[in-house]
Amino acid sequence: MKSKVIVATTINDDDVEFLCEPRQSLLEVLRDVLGLTGAKEGCNNGNCGACNVLLDGVLVNSCLVLGVEVEGRTIETVEGLAAGGQLHPLQQKFLEHAALQCGICTPGFLLAAKSLLTHNPDPTEGEVRHWLAGNLCRCTGYDKIVRAVLDAADAG
Amino acid sequence: MQPFRYIRAQNAEHAATLLQQQNGRARILAGGTDLIVALRERRIEADLVIDIKGIPEVDDVTFDAHDGLRIGAAAPCYRIYRHADVVRHYPGIIDAASLIGGVQIQGRASLGGNLCNASPAADSIPALIVHSAICDIALPQTRRRVPVEEFCVAPGKTVLGRGEFLASLHLPPPPPGFGAAYLRFIPRNEMDIAVVGVGASVQLDADRRHIVAARIALGAVAPTPLFVPEAGAALLGAVADEAAFVRAAEIAQAAARPITDMRGTAEFRRHLVGVLTRRALAQAVERARK
Ligand SMILES: Cc1cc2nc3c(=O)[nH]c(=O)nc-3n(C[C@H](O)[C@H](O)[C@H](O)COP(=O)(O)OP(=O)(O)OC[C@H]3O[C@@H](n4cnc5c(N)ncnc54)[C@H](O)[C@@H]3O)c2cc1C
Ligand code: FES
Ligand code: FES
């Protein structure tokens with residue numbers, strides 16, 4: 001029953017193979033098997049967005065995906081955002097606007113914001129707030145996060 | 001989480017056969033937004049999890065002007081509300097699919113999962129009822145079809161028997177002059193469970209003045225989502241105006257059997273049924289006139 005399964009996937013443009021139990025979530029696999037600790041565990045039940053990753057380009061909560069489900073799929077985590085030593089524009093704007101304090105929620109917000117700007121490069125403030133409603137932050141009060149995303153959209 | 005095996009089913013027969021062989025110890029996995037939480041909290045125990053997303057008819061959303069819309073039971077919300085034909089012809093479905101959870105839930109959550117989870121407050125069910133959806137249920141050797149309003153039988157319980165799962169939802173093509181809407185009341189703006197949900201659909205005559213058919217369905221005011229045919233019947237032949245909406249809303253209020261819980265009192269819920277039924281009808285009529 002406990003037998004592990006081999007899963008082949010692509011994470012941040014790298015081909016990756018891992019062994020996992022069917023009951024392990026993608027979040028557990030990323031953090032505990034692969035050492036990619038960017039995705040965070042907040043609630044472990046779909047309510048906080050700290051574990052957000054892009055699965056074939058679609059924003060999902062990795063705590064609500066089984067590791068075995070990602071065979072042959074493409075995953076992007078916060079570790080894949082910066083390229084060639086350069087922060088992603090959203091990361092840069094989060095720094096400039098002080099859109100983080102403890103930082104636990106930040107990876108999830110960055111990926112949610114990235115998927116928003118892919119679908120809607122010029123969102124209104126209301127659209128940003130609505131899109132980010134599945135991400136919780138206990139520190140910033142959200143305003144700085146919303147400003148950072150709007151500014152990144154303007155810059156993009 | 002308790003250990004289990006995982007199988008990605010090849011086709012509907014494969015999934016149904018596996019279900020049957022497991023004597024109730026297997027669960028279907030669609031988007032996992034209810035199931036994975038329930039397995040983790042040990043509210044559900046399973047020896048086998050059967051992933052149905054690899055079965056094309058269970059994962060696709062297809063539209064044909066003649067046959068209508070087929071929504072694969074496991075198709076995630078985001079693919080439904082970005083589908084141009086659904087946007088054009090099935091506005092109540094768009095309303096419901098775009099308010100289940102937040103975007104990251106919509107990336108995975110399916111209408112089939114919402115229906116099979118059978119919560120009295122499930123947002124898609126009143127919308128599916130007013131769009132006259134039929135459930136296409138797969139068994140190892142055959143199929144059977146059940147109108148969506150008969151699918152849920154108690155909180156968390158459906159008509160599905162051993163070896164049966166939901167393959168797809170079939171919605172007829174909308175007739176001319178058709179409009180629909182789904183509205184819910186929640187204390188915040190998003191990411192919450194409906195205190196009350198109301199779906200309404202209307203079909204107007206050629207001059208778009210009189211109602212020739214109407215359906216109303218309620219969520220979170222009974223042990224299952226509630227179809228209220230008498231509220232729709234009261235609108236037949238009526239001019240589609242506020243007075244007619246008020247009459248139908250009173251019938252819907254009388255049909256509701258709300259309880260008091262942490263989300264609201266029975267009295268408040270009954271009040272909401274009236275308000276939301278009038279608003280959902282007004283919006284359905286407005287859409288029918290476009
Ligand atoms: C943060 C959060 C917010 C949410 N917000 C809402 C909301 O606003 N409104 C709302 O209505 N719900 C909400 N939900 C609940 C949930 O997301 C929905 O019910 C969703 O539609 C379930 O679909 P799924 O594909 O994820 O189902 P799954 O979790 O895969 O399955 C749900 C159940 O149905 C069974 N099942 C699934 N598909 C089939 C099938 N084809 N045949 C037979 N059995 C099947 C599974 O075994 C399981 O028991 C929320 C959940 C979370 C975690
Ligand atoms: S840890 Fe996944 S949503 Fe909170
Ligand atoms: S910065 Fe601490 S939770 Fe958001």
Side-chain angles (χ1 to χ4, degrees), chain A residues 1-5 7 20-28 39 41 43-73 108-109 111-116 118-120 126-136, chain B residues 1-9 22 25-27 29-54 59 74-82 98-110 113 186 188-193:
Chain A
M1 281 278 285
K2 270 200 171 158
S3 56
K4 293 196 175 186
V5 182
V7 178
C20 75
E21 283 183 55
R23 65 172 162 174
Q24 284 180 293
S25 69
L26 174 59
L27 177 62
E28 288 170 68
E41 180 183 313
C43 62
N44 216 18
N45 63 22
N47 276 282
C48 76
C51 65
N52 280 178
V53 301
L54 299 176
L55 181 57
D56 292 337
V58 176
L59 188 70
V60 299
N61 294 313
S62 63
C63 71
L64 296 186
V65 176
L66 299 177
V68 286
E69 288 186 74
V70 304
E71 170 69 37
R73 316 280 294 273
F109 269 103
L111 289 163
K114 186 182 177 200
S115 85
L116 166 64
T118 306
H119 290 287
N120 182 357
E127 286 168 341
V128 173
R129 288 186 185 275
H130 190 75
W131 190 278
L132 298 179
N135 291 79
L136 300 182
Chain B
M1 230 189 278
Q2 146 227 35
F4 50 78
R5 286 180 304 128
Y6 166 91
I7 296 184
R8 201 168 157 83
Q22 287 291 319
R25 296 288 299 173
R27 297 301 291 216
L29 171 69
T33 60
D34 282 314
L35 181 67
I36 294 175
V37 179
L39 288 169
R40 188 171 284 143
E41 294 174 355
R42 300 210 166 203
R43 282 183 283 118
I44 290 181
E45 305 253 311
D47 296 335
L48 175 66
V49 166
I50 305 167
D51 188 346
I52 54 173
K53 293 189 291 295
D59 197 51
C77 288
Y78 83 93
R79 271 207 264 124
I80 297 168
Y81 63 65
R82 291 207 194 121
S98 41
L99 55 70
I100 292 179
V103 269
Q104 45 283 83
I105 293 291
Q106 292 157 10
R108 295 265 292 171
S110 64
I186 55 173
R188 39 185 309 221
N189 285 332
E190 58 279 294
M191 291 285 291
D192 211 338
I193 297 173

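Here is the naming used below: chain letters follow the sequence lines, and residue numbers restart at 1 for every chain. Heavy atoms only: backbone and side chains are in, while hydrogens, waters and symmetry mates are out.
- Ranking B:Leu48, B:Leu35, B:Ile105 against chain A, the residue ahead of the rest is B:Ile105, based on heavy-atom pairs under 4.5 Å.
- Among A:Leu111, A:Val5, A:Leu64, the residue with the largest count of heavy-atom pairs under 4.5 Å with chain B is A:Leu64.
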Check your understanding: Do B:Val103 and B:Tyr78 pass the side-chain contact (heavy atoms from CB on, under 4.5 Å) test, and can you show the C-alpha distance, the side-chain angles, and the key distance before you say yes or no?
Key -> CA-CA 8 Å; B:Val103 269; B:Tyr78 83 93; over 6 Å; no

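- No side-chain heavy atom of B:Ile193 sits less than 4.5 Å from a side-chain heavy atom of B:Ile186.
- For a residue to count as touching a neighbouring chain, one of its non-hydrogen atoms must lie under 4.5 Å from one of that chain's; by this rule A:Asn45 touches chain B with backbone and side chain alike.
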Practice item. Take B:Val37 and B:Arg43, measure what side-chain contact (heavy atoms from CB on, under 4.5 Å) needs, and give me the verdict at the end. Key: CA-CA 9 Å; B:Val37 179; B:Arg43 282 183 283 118; 3.7 Å; yes

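- Put simply, the side chain of B:Glu45 does not reach to within 4.5 Å of the side chain of B:Arg27, judged on heavy atoms.
- The most heavy-atom pairs under 4.5 Å with chain B, out of A:Leu55, A:Asn44, A:Leu66, A:Asn52, come from A:Asn44.
- Applying the salt bridge (charged side-chain N to carboxylate O under 4.0 Å, His left out) test to residues at least two apart or on different chains, the pairs with a partner in residues 47-59 of chain A are A:Asp56-A:Arg73.
- Options B:Met1, B:Met191, B:Arg108 differ in how many heavy-atom pairs under 4.5 Å they form with chain A, and the most are formed by B:Arg108.
- With salt bridges taken as basic N to acidic carboxylate O contacts below 4.0 Å, none links B:Arg8 and A:Glu71.
- Both the backbone and the side chain of A:Val68 come within contact range of chain B, judged by heavy atoms closer than 4.5 Å.
- Neither the backbone nor the side chain of A:Leu132 comes within contact range of chain B; no heavy atoms are under 4.5 Å apart.
- Only the side chain of B:Leu29 comes within less than 4.5 Å of a heavy atom in chain A; its backbone stays farther off.
- Each of B:Lys53, B:Arg188, B:Arg82 has some count of heavy-atom pairs under 4.5 Å with chain A, and the biggest count is that of B:Arg82.
- Although no hydrogens or angles enter the test, the distance criterion places a donor-acceptor pair under 3.5 Å between the side chain of B:Arg79 and the main chain of B:Asp59.
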